[in-house]
Amino acid sequence: KNRKCRDPFCAIIYYLHVCGVIAAVGYIFGSYADEIRKQIEEDGSQQTTDPDSLDWTGVYVAIPVCAVSGLLFGLIWLQVMRLFAAFIIKLMLFLNCIAWTVLFIIGCVYVNWAMIIICGLLMIFWILYTWCVWSRVAFSTALLKVSCKIAGFY
């Protein structure tokens with residue numbers, strides 16, 4: 001089996017995004033670090049703000065636990081989507097119709113014209129969209145099952 005990266009451009013974009021998030025967190029924390037230390041000193045909740053004297057055990061435990069639990073949740077959710085693909089697709093179509101209908105009714109009860117117009121148009125759109133794509137649910141189900149199986153390999 002060939003498991004090398006088939007889309008290096010997207011991999012590079014992904015890693016640039018991860019680096020950007022890390023840099024943003026570092027920038028935000030760095031710019032507010034003095035304020036955080038002052039707040040801690042004022043509250044008296046910490047006796048020292050020296051980073052060397054703080055206990056980092058919780059951080060070292062939390063990061064791998066979060067990573068592993070996120071991975072497990074993702075794998076479980078992939079299996080749920082694969083097993084109940086048709087039900088999930090039909091449920092999402094129905095819930096969209098129901099949600100916009102409920103919001104339309106709420107707009108009518110409160111006589112909010114903007115809400116009535118917007119929710120009424122979106123309600124009609126989602127009802128018509130559901131009616132138009134209903135015959136394609138079986139095909140979408142097959143695609144979702146295949147994509148979940150493929151994603152599970154990687």
Under 4.5 Å between side-chain heavy atoms, counting indirect links through other Ile/Leu/Val/Met/Phe/Trp/Tyr residues: same cluster for [X] and [Y] or not?
X	Y	answer
V80	L144	yes
L91	I127	yes
I89	L95	yes
L75	V146	no
Y129	L103	yes

Derivation and outcome, side-chain contact (heavy atoms from CB on, under 4.5 Å), residues N96 and T130: CA-CA 9 Å; N96 249 329; T130 301; 5.9 Å; no
Nearest 0.5 angstrom please: [X] [atom1] to [Y] [atom2], how far?
X	Y	atom1	atom2	value
M81	S147	CE	OG	6.0 Å
I22	H17	CD1	NE2	10.5 Å
Q79	K149	CD	NZ	9.5 Å

Inter- and intrachain pairs under ring pair (Phe, Tyr, Trp, His ring centres under 6.0 Å), touching residues 72-97, at least two apart: F94-W134
Taking all non-hydrogen atoms of both residues into account, name the closest pair between S69 and C66 and its distance. OG-O, 3.1 Å
Which donor-acceptor pairs under 3.5 Å do the side chains of residues 107-126 make with protein atoms, sequence neighbours left out?
residue : atom : partner : partner atom : Å
N112    : OD1  : A114    : N            : 3.4
N112    : OD1  : M115    : N            : 3.4

